[in-house]
*Asks:* 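My structure is below; once you've seen it, I'll send some questions.
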Amino acid sequence: MANCNVNLTMNPEVLPSTRKEEAFNEFYTEVKEIEKRDSVLTPKQQIDRLLRPGSTYFNLNPYEVLQVDPDVPLDEVKKKYKRLSILVHPDKNQDDPDRAQQAFEIINKAWKTLENEETRTKCLDVIEEAKARTDHMISEKRKKLKREGKEQRVDEDDPGNYKHAVYVMTMKLFADMERKRRDLEQRDMEERKRKREQEIEEEEKATIEKEWQKNFEVKYVNCPG
């Protein structure tokens, strides 16, 4: 039985770029080895998988959350979603309801993303871009080897390594997309705050002006000529 309670600590925010990729690769490899040992995870293992250290990073990809390939038909994705949602449902995991609820919400969010044609298309576009970038990277590697007069064989010639490279690139693109979304949200929030502060300032000025005008009129009436 797979043991998902391993130390998979990864904090990409504080690592140099090269070390980030190494940490990500190590993290990904260890998680995949765990899942390979037991492809049908128990409720607890599914909850652990969805809430493991670094899960926010991995869970950006709804296909990864639901453990399905992007080319799987939507009706099959729905069947997998239903199975997973039943496994992690809080009612089925009353010994750990809070974490089960979190896992349940993650699975629901992934399905809502894929159920919607627009957001599903965006996800598929990210995955296609990841493949294109990976192919370009491989092409550049071959060119470099050719210039150096070496055999033009790269690690990604192995199907497993190629799939892994696409996966890593996919996660990076999803992370980039999420960062952009958060930046836009933050800028929008700051703009709304700025406008509201401006409105309050104008309201205060209007109140002061109105009060001054009122006092002036009273003074003028009481002191004619």
*Asks:* Begin with the C-alpha distance, continue with both residues' side-chain angles, and end with the deciding distance and a verdict on side-chain contact (heavy atoms from CB on, under 4.5 Å) for R83 and L87.
*Replies:* CA-CA 6 Å; R83 289 199 296 271; L87 275 177; 5.7 Å; no

*Asks:* Does a sphere of radius 6.0 Å around CD in E117 hold more than 12 heavy atoms from other residues, nucleotides or ligands, not counting ones at 6.0 Å or beyond?
*Replies:*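 No, the 6.0 Å shell around CD holds no more than 12 heavy atoms from other groups.
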
*Asks:* I need the minimum non-hydrogen distance between T134 and M169, along with the two atoms involved.
*Replies:* OG1-CB, 3.7 Å

*Asks:* Could you check whether R196 pairs with E199 (Lys NZ or Arg NE/NH1/NH2 to Asp/Glu carboxylate O, under 4.0 Å)?
*Replies:*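 Yes.
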
*Asks:* Is it true that E140 and K143 make a salt bridge, defined as a side-chain N closer than 4.0 Å to a carboxylate O?
*Replies:* yes

*Asks:* Test of understanding: clusters of I, L, V, M, F, W, Y form through side-chain heavy atoms closer than 4.5 Å, transitively. Do V72 and I127 belong to the same one?
*Replies:*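 Linked within one cluster.
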
*Asks:* Are I86 and V68 connected in the hydrophobic side-chain network, where two residues link if heavy atoms are under 4.5 Å apart?
*Replies:* no

*Asks:* How far apart are the closest heavy atoms of P62 and L114, and which atoms are they?
*Replies:* CG-CD2, 3.6 Å

*Asks:* Y57 and Y167: same hydrophobic cluster, using ILVMFWY side-chain contacts below 4.5 Å?
*Replies:* yes

*Asks:* If you measure only the distance, is there a donor-acceptor pair under 3.5 Å linking the side chains of Q46 and Q67?
*Replies:* yes

*Asks:* Do R142 and E151 sit within salt-bridge range, that is, some charged N less than 4.0 Å from a carboxylate O?
*Replies:*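 Looking at E151 together with R142, the answer is no, because their closest N to O distance does not fall below 4.0 Å.
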
*Asks:* For K205, is there an ion pair with E202 - N to carboxylate O distance below 4.0 angstrom?
*Replies:* no

*Asks:* Please round to the nearest 0.5 Å and tell me the distance separating atom CG of D69 and atom NZ of K80.
*Replies:*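 Separation between the atoms: 9.5 Å.
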
*Asks:* How long is the gap from NZ on K172 to CD on E129, to the nearest 0.5 Å?
*Replies:* 13.0 Å

*Asks:* Do you know which of T113, I106, L84, N61 makes side-chain contact (heavy atoms from CB on, under 4.5 Å) with L66?
*Replies:* L84

*Asks:* Do the side chain of N116 and the main chain of T119 share a donor and acceptor less than 3.5 angstrom apart?
*Replies:*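 Checked: pair present.
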
*Asks:* Verify the cluster assignment for M137 and F174: are they in a single hydrophobic cluster under the rule of side-chain heavy atoms below 4.5 Å apart?
*Replies:* no

*Asks:* Does the distance from a Lys or Arg side-chain N to an Asp or Glu carboxylate O, for R194 and E191, drop under 4.0 Å?
*Replies:*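 Salt bridge flag = yes for E191 with R194.
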
*Asks:* Should the pair D125-K122 be classified as a salt bridge under the 4.0 Å nitrogen-to-oxygen rule?
*Replies:*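 Here D125 does not pair with K122 in a salt bridge, since their nearest N and O are not under 4.0 Å apart.
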
*Asks:* Can you confirm whether P97 sits close enough to F104 that some side-chain heavy atom of one is under 4.5 Å from a side-chain heavy atom of the other?
*Replies:*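 Contact flag for P97/F104 side chains = no.
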
*Asks:* Could you tell me whether the side chain of N59 and the main chain of V65 form a donor-acceptor pair under 3.5 Å?
*Replies:* no

*Asks:* Establish whether L173 and V166 are linked, either directly or via other cluster members, by ILVMFWY side-chain heavy-atom contacts under 4.5 Å.
*Replies:*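 No, separate clusters.
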
*Asks:* Counting only heavy atoms not in E118, do more than 12 sit closer than 6.0 Å to its CD atom?
*Replies:*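 No, not enclosed.
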
*Asks:* If you measure from CD on Q102 to OG on S55, what distance do you get to the nearest 0.5 Å?
*Replies:*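 Result: 8.5 Å between the selected atoms.
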
*Asks:* Got Y162 and D158 here, is their nearest side-chain heavy-atom distance under 4.5 Å?
*Replies:*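 With C-beta onward as the side chain, the pair stays apart.
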
*Asks:* Is it true that, when you exclude K78 itself, more than 12 heavy atoms of the residues, nucleotides or ligands shown sit nearer than 6.0 Å to its NZ?
*Replies:* no

*Asks:* Over all heavy atoms of both residues, which pair between A175 and L60 is shortest? Give the atoms and the distance, please.
*Replies:* CA-CD1, 3.6 Å

*Asks:* Should K180 and D183 count as an ion pair when the cut-off is N to O under 4.0 Å?
*Replies:*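 Here K180 does not pair with D183 in a salt bridge, since their nearest N and O are not under 4.0 Å apart.
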
*Asks:* Taking R99 for the side chain and D96 for the main chain, is one N or O donor matched with an acceptor at less than 3.5 Å?
*Replies:*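 Not confirmed, R99 side chain does not pair with D96 backbone.
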
*Asks:* Are T207 and E204 close enough that a side-chain donor and a side-chain acceptor fall under 3.5 Å?
*Replies:*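 No.
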
*Asks:* State plainly whether the residues R153 and D157 are in salt-bridge range, i.e. N to O under 4.0 Å.
*Replies:* yes

*Asks:* Is K109 salt-bridged to E105, going by a charged N under 4.0 Å from an acidic O?
*Replies:*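 So K109 does not pair with E105 through a salt bridge.
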
*Asks:* Checking side-chain polar atoms at under 3.5 Å, does Y81 have a donor or acceptor matched by the opposite partner on E115?
*Replies:* no

*Asks:* Once rounded to the nearest 0.5 Å, what's the spacing between atom NZ of K163 and atom NZ of K131?
*Replies:* 10.0 Å

*Asks:* Is it the case that the side chains of D71 and Y63 hold a donor-acceptor pair, with the cut-off being a distance below 3.5 Å and no angle test?
*Replies:* no

*Asks:* Any non-hydrogen side-chain atom of H89 less than 4.5 Å from a side-chain atom of Q101?
*Replies:* no

*Asks:* Roughly how far, to the nearest 0.5 Å, is OG of S85 from CH2 of W111?
*Replies:*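 The distance works out to 10.5 Å.
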
*Asks:* Can K44 and D48 be counted as an ion pair, charged N to O under 4.0 angstrom?
*Replies:*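 A salt bridge is present here (some side-chain N lies under 4.0 Å from a carboxylate O).
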
*Asks:* What I want to find out is whether R181 reaches E178 closely enough, with some N-O distance under 4.0 Å, to be called a salt bridge.
*Replies:*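 The answer is yes: the pair qualifies as a salt bridge.
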
*Asks:* Drop me the distance from K141's NZ to D155's CG, to the nearest 0.5 angstrom.
*Replies:* 5.5 Å

*Asks:* For the side chain of N93 and the backbone of P43, is there at least one donor-acceptor N/O pair under 3.5 Å apart?
*Replies:*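 A pair under 3.5 Å: no.
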
